[in-house]
Amino acid sequence: MGSKSKFWILTMVVAISGLSQGVLLPLIAIILEEKGVSAGINGFHATGIYLGVLLISPFIEAPLHKYGYKPIILVGGGLVAAAMLAFPIWFNLYFWFILRLFIGVGDHMLHFSSQTWIGAMSVPSKRGRNMAIYGLFFSLGFAIGPQLVNLAEVNVNLPFFLSGLLVLIAWGLVWLLRNEFVGEKAVIRKISFWGSMKRFSEVFKLAWVAMIPPFLYGILETGLNATFPVVGLRNGLDTMIIAVIISSFSVGTILFQVPIGIVSDKFGRGKILPFLTGMGAIVFVLTAFVTVPVLYVIFFFVLGILLGSLYSLGLSYMTDLTPLELLPAGNILVGMCFSLGSIIGPSATGMIGIFGNQIFYFVVAGILVIGCLLLAFGEKKMKSMKEIKI
């Protein structure tokens, strides 16, 4: 099978994975709300996926070296499909939380293996574009997923069954791929927890600056989905308008992710990322003073353009800075940084009860400013290190 077919199968897999996540978050939140579960427990329950990512992260890098890309994707996809299909079996908070952990574990295995595979097979001049397409399809799946929640009106279990079936179809496509390993001449690693820890340390020394964008994106994504709806309701916006505003961020991301990826290939990730985060901070501050719903839609669309590519750009940046044999460890670290940001996001942006609604925008803007400064500093440091080597 050619590299183009391989690329599109992996992209299709990640799109359906995005769809399953996109349907799961709002669907379970709505079900728990209707069952009278408190908002606090509902919010904590949602962190199950990200905790699953953190739990599995230290243990999956070595198996990839030993067994190759394909088996890791198959195990991960199988876990996600089984967990999605198991939700209707028994409604129990603890059981559902465990299923969410399994989905986090499976999704991370699937993502880290497929994105490492795409990064390794992409030539540097097209890496940003390919990672942007990969990110775009995940975003498309994630944006389409919530629409399946409406099927719950027909039968509450229908969205679980349909998304589980779609994951199984994607899982079937992976069997068509020929297994490959990390680098033709790379040494196959022994399965070792401490060996993985050492490689994480090596990657962090080489590419710490590339971990900032995924961390920021994690804070941003969960902040927008968990805190902004509350801010909007308290500012007098109805739920339909809030949904349109959040969707406008996704539309900006989807439309501009590939062009921004191509621009980053030309000018360099290190120059583009500080610009995007700095401009994003300015727009967030301006959004704090918006009162008209149409302007919210426009501003969030612009924020989607500026900040929606942070994850895929961070991934490409890490791939630029990391040797091929350390790519799996690098991809795991990117996922861990995103998950940490996702767990921190609701708490960092949720101070609206103490300081008022507008603090949401200023907190996010402040975090983006810090990220911008660190990215600019990191780019200068990387540049000086290259000059010393030359």
Side-chain angles (χ1 to χ4, degrees), residues 10 12-35 37 41-60 63-64 67 69-115 137-138 141-142 144-149 151-152 155-175 218 221-222 225 332 335-336 338-339 342-343:
L10 292 172
M12 190 60 62
V13 168
V14 84
I16 292 172
S17 169
L19 184 141
S20 68
Q21 283 190 44
V23 69
L24 200 66
L25 288 166
L27 178 63
I28 292 182
I30 290 165
I31 291 170
L32 296 185
E33 178 68 23
E34 288 176 350
K35 297 275 187 182
V37 175
I41 292 172
N42 202 331
F44 175 75
H45 208 275
T47 65
I49 288 177
Y50 306 113
L51 289 171
V53 171
L54 291 176
L55 284 173
I56 192 61
S57 289
F59 304 101
I60 57 173
L64 183 76
Y67 301 111
Y69 299 110
K70 182 177 170 179
I72 306 298
I73 296 174
L74 288 172
V75 172
L79 270 175
V80 173
M84 289 299 291
L85 294 170
F87 275 101
I89 294 172
W90 182 34
F91 174 75
N92 177 279
L93 278 177
Y94 299 106
F95 178 63
W96 277 24
F97 188 76
I98 290 165
L99 291 180
R100 278 184 148 174
L101 283 173
F102 278 128
I103 286 174
V105 168
D107 262 328
H108 192 48
M109 291 177 76
L110 185 157
H111 280 286
F112 122 86
S113 188
S114 57
Q115 68 197 23
F137 272 77
F138 179 81
F142 198 83
I144 293 166
Q147 307 310 312
L148 298 185
V149 175
L151 295 172
N155 184 301
V156 74
N157 295 326
L158 195 55
F160 292 117
F161 286 131
L162 184 58
S163 54
L165 181 64
L166 288 169
V167 174
L168 277 177
I169 292 167
W171 186 72
L173 290 173
V174 179
W175 286 97
E221 187 180 84
T222 51
N225 287 299
I332 293 168
M336 288 174 77
F338 169 74
S339 296
S342 299
I343 291 167

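Hydrogens, waters and symmetry mates play no part in the numbers below; they use all other heavy atoms, side chains included.
The two atoms that bring Phe160 and Pro88 nearest to each other are CB-CG, 3.9 Å, heavy atoms only. Taking every heavy atom of both residues into account, Leu10 and Ser114 meet most closely at CD2-CB, 4.0 Å. Counting all heavy atoms, side chain and backbone alike, Val167 lies closest to Ser20 at CG2-CB, 4.1 Å. Of all heavy-atom pairs between Phe97 and Gly48, the closest is CE1-CA, 3.7 Å. The two atoms that bring His108 and Gly335 nearest to each other are CE1-CA, 3.7 Å, heavy atoms only. Nearest approach of Gly104 to Val53, heavy atoms of both residues: O-CG2, 3.5 Å.
Going from atom CG of Leu55 over to atom CD1 of Ile60 covers 11.5 Å, rounded to the nearest 0.5 Å. Of the inter-residue distances, the one linking Ile89 atom CD1 with Asn157 atom CG reads 10.0 Å to the nearest 0.5 angstrom. The CG atom of Leu168 lies 10.0 Å from the CD1 atom of Ile16; values are rounded to the nearest 0.5 Å. Of the inter-residue distances, the one linking Asn92 atom CG with Leu99 atom CG reads 10.0 Å to the nearest 0.5 angstrom. Distance CG/Leu85 to OG/Ser163: 7.5 Å, rounded to 0.5 Å. Residue Leu101 holds its CG atom at 6.5 Å from CG of Leu51, rounded to the nearest 0.5 Å.
At least one donor-acceptor pair under 3.5 Å links the side chain of Trp96 to the backbone N or O of Trp90. Put simply, the side chain of Ser17 never gets that close to the backbone of Val13: no donor and acceptor are under 3.5 Å apart.
Using a 4.5 Å heavy-atom cutoff, the side chains of Met84 and Leu24 are in contact. Using a 4.5 Å cut-off on side-chain heavy atoms (C-beta onward), Ile103 and Phe87 make contact. Leu64 is listed as a side-chain neighbour of Phe112, based on a closest heavy-atom distance under 4.5 Å.
Under the ring-ring contact (aromatic ring centres under 6.0 Å, His included) criterion, His111 pairs with Phe138, sequence neighbours left out.
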